There are 4 protein chains.
Amino acid sequence: MSPLPKKDVPSLVKDQRLIDKRRAQIVKAAVQLFNEKGYHKATTREVAKASGFSIGTLYEYIGSKEDILYLVCDSVYDEVVRKWEKLLDKELRGMERLEQVVEAYFRVVDVLQDEVLVMYQETKSLSGDALKYVLQKEMRMKEMFEVELERVREAGLITLNDRQVSLAAHQILVLGQMWTFRRWALQKEFTIDEYVRYQLQQLFYGFSVKKPAENVES
Amino acid sequence: MSPLPKKDVPSLVKDQRLIDKRRAQIVKAAVQLFNEKGYHKATTREVAKASGFSIGTLYEYIGSKEDILYLVCDSVYDEVVRKWEKLLDKELRGMERLEQVVEAYFRVVDVLQDEVLVMYQETKSLSGDALKYVLQKEMRMKEMFEVELERVREAGLITLNDRQVSLAAHQILVLGQMWTFRRWALQKEFTIDEYVRYQLQQLFYGFSVKKPAENVES
Amino acid sequence: MSPLPKKDVPSLVKDQRLIDKRRAQIVKAAVQLFNEKGYHKATTREVAKASGFSIGTLYEYIGSKEDILYLVCDSVYDEVVRKWEKLLDKELRGMERLEQVVEAYFRVVDVLQDEVLVMYQETKSLSGDALKYVLQKEMRMKEMFEVELERVREAGLITLNDRQVSLAAHQILVLGQMWTFRRWALQKEFTIDEYVRYQLQQLFYGFSVKKPAENVES
Amino acid sequence: MSPLPKKDVPSLVKDQRLIDKRRAQIVKAAVQLFNEKGYHKATTREVAKASGFSIGTLYEYIGSKEDILYLVCDSVYDEVVRKWEKLLDKELRGMERLEQVVEAYFRVVDVLQDEVLVMYQETKSLSGDALKYVLQKEMRMKEMFEVELERVREAGLITLNDRQVSLAAHQILVLGQMWTFRRWALQKEFTIDEYVRYQLQQLFYGFSVKKPAENVES
DNA sequence: GATGAATGAGTATTCATTCAT
DNA sequence: AATGAATGAATACTCATTCAT
């Protein structure tokens, strides 16, 4: 898929190599900080310090505090997708492929917990273009699940209509995020392995209703 | 169920009737404001003004800005439960009962969208006791769903183990909240009626897998 | 001596008997409060509460917070003088009379420690007329000592010129106050009895220089 | 004598040279301001403005308003001692030495009137450690006088017991401060030269009682 | 490119005072 | 006379951002 356009984050520095390096430092520091205290309570000074340079230098690589948040959200998305694709075995087909796609996503979220949580909870603090771009990435991810669901539907393995497929794609996305934003409860009850197993079961078979009452969807 | 303990919010005013009235005004104003700009960007002066009184008066009824957020979260929970219980038809049994419980919850969330969204997104900004009390209320709601699920399980209508029941309860809760925090996408695609129908379908029957691959849970 | 004019403190209440009673309550409460936290850190609400009535009632008897301080300073002075005069034995004459006058003053200060300390430390927070009236009372007290000193000088018992007499009167006044404002140190080292004894000795005989070097005052 | 420990006043600025310079500005401005309106009525913005920089800059060099007061008290003490020591002629001995010590102290107080007055009147507004450290400096000064008094006593020039020496040291300290806190009266009546002369006379010889009545101290 | 001192608009909170009941 | 709810000016302190070195 074609990479989505990114919001332009201004920098006073010319060397693109350096910009990338410094911004990686910033994102790493910011993720940790935002996790601990939240975006609003973290100060730019703290981000600079945690990034390993001065406040002045920080502002050589960003235009505003919000840019930091944008960089975080943007790069978290990229990393999730990168790691996720790495996990996929291209050979699988059918339900197994779908299972694998979902499981891999959940496992990446587990590994990038802090990152995903921050992106998830603070995205709403973005404004204007930044928000637009990040939501586009959200939608792009959702579409990836949609594509997979359509594939199994075309193979005749599931019987969902278009709208149900779309909703299911949202659902998968949210169930991954849920592993982070409800971790205060879920991670006391379940390991990631259990979470993957039970959620797959739930997604595929629901409550395992024994004697289907009337089918809700005619 | 016994009402959960509440955090003590200090007030300089003695008349409890008046306190309740003013705090209701505050909560109403705060919900709207926090929805528009978020908890952190809303100022106490704005809350006071939107509540219809001066900043000084606001502080006669709360001890700190965080108290406002606590009042919002606490009262939203109470209102959700109150409205929800009102919708329930006590006559129903079995899967129909469960269906109704979930549907009623989704519909209440739809009606109280702004309130639920604020509670949902800003709870994390609470600290100390306030956070503890609000999370207790979250857990209490989850337990309500758990009880319903156990009931149908005991009736032999579904085949989930204890942990799956717990997870499913979390899930129902989150699917309600999801209707608010993804409304930017979902509410463009679905009406609340559709959302209810599809999510019930999904919860009960999953993807309607045609030829069950190997069952994930042995 | 003719009573000095007092600053007019406005009251909405007509009954002078009641005014006096309430103001006595206010002064008593204020002295304690100002001692604990100082005039600026004590709030009018606290004064009202400690006085035994509401903030509204407080303002029926005073016009402003500063009036409270004025009432305190004014009444402390009056009480010091009243108690002091009570202690004096009118029969004494000469140095014994002077000794007694000073000793009685020190002892009254000791009894009214909290009151004197507040008056002493917070007088400077008064403004305009209030300050003027209180300083007049200070001067009046100083003059009382001056009169006594002049009396013994006229009896030929001491050899001080007019200016020295005036300074000595200031000194006596300050030595009394010093017992309160340095109590954190003095009252660990001395009892009031000792303080009286040593200060009288010092006032009358100085350092007990053995072989008077050249006399400083020709 | 070993310098007393100082309370740590936090600064966001790293250059110690600059910190010292800016704090000197702050102290100078604060002394003037506190003299005019008192510590409580002076605002931090006023201090900043009078210091020649913005409120933000002020807070780069202090942690709280109280720190300003602490800096004032602390530096006033240091300056008094510094200036005082400069005035002392190390050659003098005996009563002349004592006379000189006291006189020099009074003269320094006269020069640093505003500073001493502020320190004197506002010290009580300090809390916790700050107060502790400032009172330690007070005690240190008192001990300096004590040492001098003991020296002349050992030379057999005066006949005071240990406790009288201690009290006399307090007294000298207070007589210096008195020149500032009663300046509204004293400085109308006396020049500093007169004040020095009369107070020395008083300290050394008391009221010049002609025919010692009974000696107070046996 | 890096630094960090300077800036000042912005914000939560307090508290003396008023006034309707 | 007494009450206490309402008011809003005032104030300490923060922090994103700039810019001279």
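Letters A, B, ... are given to chains in the order of the sequence lines, protein chains preceding strands, and every chain is numbered from 1. Quick caveat, the model's predicted, so the values are computed rather than measured.
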Trainee: Taking the side chain of T43(A) as its heavy atoms from C-beta onward, which of dA16(F), dT11(F), dG4(F) lies nearest to it?
Mentor: dA16(F)
Trainee: If the cut-off is 4.0 Å, is R22(B) near the phosphate of dA5(F), judged by side-chain N/O to OP1 or OP2?
Mentor: no
Trainee: In whole angstroms, how far is the C1' atom of dT7(F) from the NZ atom of K49(B)?
Mentor: 15 Å
Trainee: So which one's nearest nucleotide on DNA chain F is more toward 5', G52(C) or G56(D)?
Mentor: G52(C)
Trainee: Does the structure show a Watson-Crick or G-U wobble partner for dT17(F), both distances under 3.5 Å? Name it, or say none.
Mentor: dA6(E)
Trainee: Cation-pi check, K65(D) to Y39(D): give yes when NZ or CZ is under 6.0 Å from the six-membered ring centre and within 45° of the ring axis, no otherwise.
Mentor: yes
Trainee: Which of the following nucleotides, dA5(F), dA1(F), dT17(E), is nearest to the side chain of L18(B)?
Mentor: dA5(F)
Trainee: What about R45(B), does its side chain sit under 3.5 Å from the base of dT13(E) through a donor-acceptor pair?
Mentor: yes
Trainee: For I19(B) and dA6(F), what is the distance between atoms CD1 and P respectively, to the nearest whole Å?
Mentor: 10 Å
Trainee: Of the candidate nucleotides dG1(E), dA5(E), dT3(F), which contains the atom at the shortest distance from the side chain of K14(D)?
Mentor: dA5(E)
Trainee: Quick one: L58(C) CG to dC19(E) P, roughly how many Å, whole number?
Mentor: 16 Å
Trainee: Between dA12(E), dT3(F), dA2(F), which one does the side chain of K65(B) approach most closely?
Mentor: dA12(E)
Trainee: Return the nearest nucleotide to the side chain of S64(B); candidates are dA5(E), dA5(F), dT13(E).
Mentor: dT13(E)
Trainee: Begin with the C-alpha distance, continue with both residues' side-chain angles, and end with the deciding distance and a verdict on salt bridge (Lys or Arg N to Asp or Glu O under 4.0 Å) for D15(D) and R22(D).
Mentor: CA-CA 11 Å; D15(D) 181 351; R22(D) 292 279 182 259; over 6 Å; no
Trainee: For K41(A) and dC13(F), what is the distance between atoms NZ and P respectively, to the nearest whole Å?
Mentor: 19 Å
Trainee: Using a cut-off of less than 4.0 Å, is there contact between a side-chain N or O of T57(B) and OP1 or OP2 of dT7(F)?
Mentor: yes
Trainee: For S54(B), answer base if it contacts any base atom (sugar-phosphate contacts may also be present), sugar-phosphate if it contacts only those atoms, and nothing otherwise; contact means non-hydrogen atoms under 4.0 Å.
Mentor: base
Trainee: Just checking A42(D): base, sugar-phosphate only, or nothing, at a heavy-atom cut-off of under 4.0 Å?
Mentor: sugar-phosphate
Trainee: Nearest to the side chain of T44(D), which nucleotide is it out of dA5(F), dA6(E), dC13(F)?
Mentor: dC13(F)
Trainee: What's the CG-P distance between L33(A) and dA16(F), to the nearest Å?
Mentor: 11 Å
Trainee: Evaluate the ring planes of F53(D) and Y61(D), with Trp represented by its six-membered ring, and classify them as parallel (under 30°), tilted (30 to 60°) or perpendicular (over 60°).
Mentor: tilted
Trainee: Kindly indicate, with the supporting measurements, whether the criterion salt bridge (Lys or Arg N to Asp or Glu O under 4.0 Å) is fulfilled by K41(A) and E36(A).
Mentor: CA-CA 9 Å; K41(A) 286 191 184 156; E36(A) 281 167 25; over 6 Å; no
Trainee: Nearest to the side chain of Y59(C) - dA5(E), dA16(E), dT3(E)?
Mentor: dA16(E)
Trainee: What pair of heavy atoms forms the shortest contact from E66(A) to A130(A), and how long is it?
Mentor: OE2-CB, 4.1 Å
Trainee: Which whole-number value in Å describes the distance from Q16(D) CD to dG4(E) P?
Mentor: 15 Å
Trainee: Give one of base, sugar-phosphate or nothing for L12(C), where a contact means two heavy atoms less than 4.0 Å apart.
Mentor: nothing
Trainee: Within the side chain of D74(A), is there an N or O that forms a donor-acceptor pair under 3.5 Å with the backbone of Y70(A)?
Mentor: no
Trainee: More 5' along DNA chain E: I55(D) or E66(C), using each one's nearest nucleotide?
Mentor: I55(D)
Trainee: Specify the separation, in whole Å, of atom NZ of K21(C) and atom C1' of dA1(F).
Mentor: 12 Å
Trainee: What is the distance from CD1 of I62(D) to P of dA5(E), rounded to the nearest Å?
Mentor: 16 Å
